[in-house]
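Following: one structure in structure tokens, then a few remarks.
Lettering of chains follows the sequences in order, A, B, ..., and the numbering in each one begins at 1.
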Protein chains: 4
Amino acid sequence: MASKPPTTPRKNASQERSRATVDALIEATARILVREGFEKTSTNRIAEVAGVSVGSLYQYFPGKEALVAAVIHRHQEEIMAIVRTTLREIADMPIEKAVRRLVSVAIETHRINPKLQRVLAEQIPRAGKLDSEAFIREVHSLVRAYFEKHCKELRKIDLDIATFICVSTIEAVAHNVVLNQAEVLPEKMVKVLVEETTRMVVGYLR
Amino acid sequence: MASKPPTTPRKNASQERSRATVDALIEATARILVREGFEKTSTNRIAEVAGVSVGSLYQYFPGKEALVAAVIHRHQEEIMAIVRTTLREIADMPIEKAVRRLVSVAIETHRINPKLQRVLAEQIPRAGKLDSEAFIREVHSLVRAYFEKHCKELRKIDLDIATFICVSTIEAVAHNVVLNQAEVLPEKMVKVLVEETTRMVVGYLR
Amino acid sequence: MASKPPTTPRKNASQERSRATVDALIEATARILVREGFEKTSTNRIAEVAGVSVGSLYQYFPGKEALVAAVIHRHQEEIMAIVRTTLREIADMPIEKAVRRLVSVAIETHRINPKLQRVLAEQIPRAGKLDSEAFIREVHSLVRAYFEKHCKELRKIDLDIATFICVSTIEAVAHNVVLNQAEVLPEKMVKVLVEETTRMVVGYLR
Amino acid sequence: MASKPPTTPRKNASQERSRATVDALIEATARILVREGFEKTSTNRIAEVAGVSVGSLYQYFPGKEALVAAVIHRHQEEIMAIVRTTLREIADMPIEKAVRRLVSVAIETHRINPKLQRVLAEQIPRAGKLDSEAFIREVHSLVRAYFEKHCKELRKIDLDIATFICVSTIEAVAHNVVLNQAEVLPEKMVKVLVEETTRMVVGYLR
DNA sequence: AATGAATGAGGCTTCATTCAT
DNA sequence: CATGAATGAAGCCTCATTCAT
């Protein structure tokens, strides 16, 4: 049963030196993922870049997967923090303003570290599924809560379906704007896209 | 050495055999990707499953990447064939009917081989980027052509932007319906989602 | 369950080159065990001494244990061949002559490769238990068959117990003569020990 | 720093603590050897099981070998204590009674901790050879002394040879009874084996 | 003394690729 | 062309040991 090494950290690194080592390892992993790609991300290389020995790596992580998982986790936490803040900010806004803000923020979050984003997108199916599901669920529940609160502004509509469609749409546009259209997209275009996406979503909701 | 004149052209025979070998190799690669995952997809294993020797594999493909690329290519051709057919079918339909059909087809194509889809999604950024870009460009241009033809049904709108948003949206919904909501999504729900997505997109376009 | 690599060969090495490689690997393992000890017996070293690459080693054996097992097996076969021959030779001899021969042969077999013997003795509990049990069982059944055939020369006695005690005794004396008393035991002493052991065993049996 | 005069001598206290640590380490080593096998017996694991840090381990022992050697030593001392006591007990007994007792005790000592026995048997050639030789020599000299004292009961015989053969035999029977015949040997059988072995040895000696 | 984080040599194993047959 | 044995670089991981605190 337990043939594969787990993806959870080995120690709870309470001491200071430990903590620094753990951080260095996660940071190194993220850097290598971005700069050299997943294939090059070996435990020896991670240790080297982190400035520690392989032994230390294995003292805190059961293997490469666990490190990638930690990077994913850290990244998702970063994004979730923004999402939570945004949802709080828009809580009382009317839907048009709220949706516009959501679309903008979605694009902004995708711009935080597009390369890491892209590499992680490749790896999530493998290493971060559980984490990702929780992540997705939280996003959905926050958005749904907003819709619920503002249901008077909406036409009669199943909130779960509306949430599903809107989140998918906004995420997809943001993803494609940042990752597929590369970085050569003029700022003006982005503004237009934000407006258009907002228009579509809002038009759909009410 | 070859003193006896062959009745079936030597070349044809060997061409056929080559073709069969190549197909077997691609098929084996796809199967292993789906059934055993990318990590287990080694050239030796591919050759074994294809029923040929590793040597033969290297006679037809320069390496593992080429095989994965071939699988991606084959898969995308399969999908493109459907997309092209669909666009031809809807060419003269009014946008609502057309969009509804597009959404349905998008979901259908994602259902062709979700596991392969998922594994390839992980690998495309690495092995199939070029192919994928061509793929995306063709989809966009086909959809844009449809919009152009039916621009009288549309409000005043930048066709590139509309295409970008609509394709992103439809693709995202289809992707999430199939891959994230797993196969536990009741058929009825799918129909509703098709309707809702159609409503959003059509509402946006006109 | 299948966490540990098995100790059985991977391929049945029917082809000639394969066979040579397999032999070289087993031979190398035996040599290293004898000359450098178990601790130094690493897969890389074995491959090196065998004059092949590690890759080849793993083509035929799933790991170090399997190689040690193969050495044990080969060694036991060698000894079993002698034991079988001896039992056939003594089949019609009276017990005194027969026992004397058995004791002599036991000492001889222990002298075949004392160092290997010693190293294997360390490792048998780990890697060769199954093999060893079969080995012991065969020895017992051969000796018991002799006793059965010659039961008229024996006093009334449980043959299984007699076999157990006699085999244990002869084996122990031979083992200690060769391995513990080192090689500094004068030949004359050995002859005396053979006589004395024979006397004890024969005296016990009749 | 040490301003308060201790009521219990500082040195004693620390000596006691040291002693406890040393014992804990040896005990832990023995336990791991028995429960997890030699391969799993690492210094880190030993320290962990002993409840001390690796650093402390190295404060008391120069390395792993020393710990295994200590376990062997302790175990042999345990057995030697029994052997010495037994030889003292049988000092004045006639040989038949004495031999019977020796055989029984040999089996008993092998039963003390068969698993440890077995693991140590694997390791002794490596780590405990010196110790073992002293052990064997002492056993021989004690037994020889008994024979010398009782030589009137014996036929004319070289005492060294008699000792060698008898000790080998008794040890071998006890070893095989306990380790090879596993624990599935009915008690009745053991009694018979004790009797038979005694018969053989005594028959040989007089 | 005790601690335990850190080290890194070295063992194990896989797999893309080559090449003699 | 096909075969599959052979290769060996490169990755994974453990563990005896050290050393700063």
Specify the separation, in whole Å, of atom [atom1] of [X] and atom [atom2] of [N].
X       : N      : atom1 : atom2 : answer
B/Arg19 : F/dC1  : CZ    : P     : 15 Å
D/Glu36 : F/dT14 : CD    : P     : 15 Å
D/Ile46 : F/dT14 : CD1   : P     : 17 Å
D/Leu57 : E/dT3  : CG    : P     : 12 Å
D/Glu48 : E/dA5  : CD    : P     : 12 Å
A/Leu67 : F/dG11 : CG    : P     : 16 Å
D/Glu65 : F/dC15 : CD    : P     : 16 Å
B/Phe61 : E/dA16 : CZ    : C1'   : 16 Å

Task: Closest nucleotide among F/dA6, E/dA6, F/dT3 to the A/Gln59 side chain - done: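 Nearest to the side-chain atoms of A/Gln59, counting from C-beta on, is E/dA6.
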Open item on the list: Defining pairs by Watson-Crick or G-U wobble geometry with both distances under 3.5 Å, how would you list the stems of DNA chain F with at least three pairs each?
Closed with: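 As far as DNA chain F goes, consecutive pairing (with distances under 3.5 Å) yields the stems E:2-21 with F:2-21.
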TODO: Ignoring backbone atoms, establish whether A/Ser18 has a side-chain N or O less than 4.0 Å from OP1 or OP2 of E/dG4.
DONE: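 No, outside the criterion.
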Open item on the list: Mind checking if D/Tyr60 touches a base, just sugar-phosphate, or nothing, with heavy atoms under 4.0 Å?
Closed with: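 Contact class for D/Tyr60: sugar-phosphate only.
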Report all side-chain donor-acceptor pairs from residues 24-31 of chain A shorter than 3.5 Å, counting only partners two or more places apart or in another chain.
residue	atom	partner	partner atom	Å
A/Glu27	OE1	A/Arg74	NH1	3.0
A/Glu27	OE1	A/Arg74	NH2	3.0
A/Thr29	OG1	A/Leu25	O	2.7

Task: Non-neighbouring partners of B/Ala66 that pass side-chain contact (heavy atoms from CB on, under 4.5 Å), sequence neighbours left out - done: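 B/Ala66: side-chain contact (heavy atoms from CB on, under 4.5 Å) contacts with B/Phe61, B/Pro62.
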Open item on the list: Can you list everything that forms a side-chain hydrogen bond (donor to acceptor under 3.5 Å, both in side chains) with B/Arg19? Sequence neighbours excluded, please.
Closed with: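 Partners of B/Arg19 by the side-chain hydrogen bond (donor to acceptor under 3.5 Å, both in side chains) criterion, ordered by chain and then number, come out as B/Asp23.
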Task: Nearest-0.5 Å distance, CG of residue B/Leu33 to OG1 of residue B/Thr41 - done: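 These two atoms lie 4.0 Å from each other.
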- [ ] Could you grab the distance from atom CZ of B/Arg118 to atom CG of B/Leu116, nearest 0.5 Å is fine?
- [x]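 That separation rounds to 12.0 Å.
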Protein-nucleotides 8-12 of chain E N/O pairs closer than 3.5 Å?
residue	atom	partner	partner atom	Å
E/dC12	OP2	C/Thr43	N	2.7
E/dC12	OP2	C/Thr43	OG1	2.9

Open item on the list: Does the Lys NZ or Arg CZ of D/Lys64 fall within the cation-pi geometry relative to D/Phe38 - under 6.0 Å from the ring centre and within 45° of the axis?
Closed with: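 Relative to the ring axis of D/Phe38, which defines the angle, D/Lys64 lies inside both limits.
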- [ ] Could you check if a side-chain atom of B/Leu67 sits within less than 4.5 angstrom of a side-chain atom of B/Tyr60, using non-hydrogen atoms only?
- [x]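 No - every pair of side-chain heavy atoms lies 4.5 Å or more apart.
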- [ ] Would you check if C/Val119 and C/Lys115 make a side-chain contact, meaning some heavy-atom pair closer than 4.5 Å?
- [x]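 No, too far: nothing below the 4.5 Å cut-off.
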Tell me which donor-acceptor pairs under 3.5 Å the side chains of residues 45-53 of chain B have, and how far apart each pair is, sequence neighbours excluded?
residue	atom	partner	partner atom	Å
B/Arg45	NE	B/Glu36	OE1	3.1
B/Arg45	NE	B/Glu36	OE2	3.4
B/Arg45	NH1	B/Glu48	OE2	3.3
B/Arg45	NH2	B/Glu36	OE2	2.9
B/Ser53	OG	B/Ser56	N	3.3
B/Ser53	OG	B/Ser56	OG	3.3

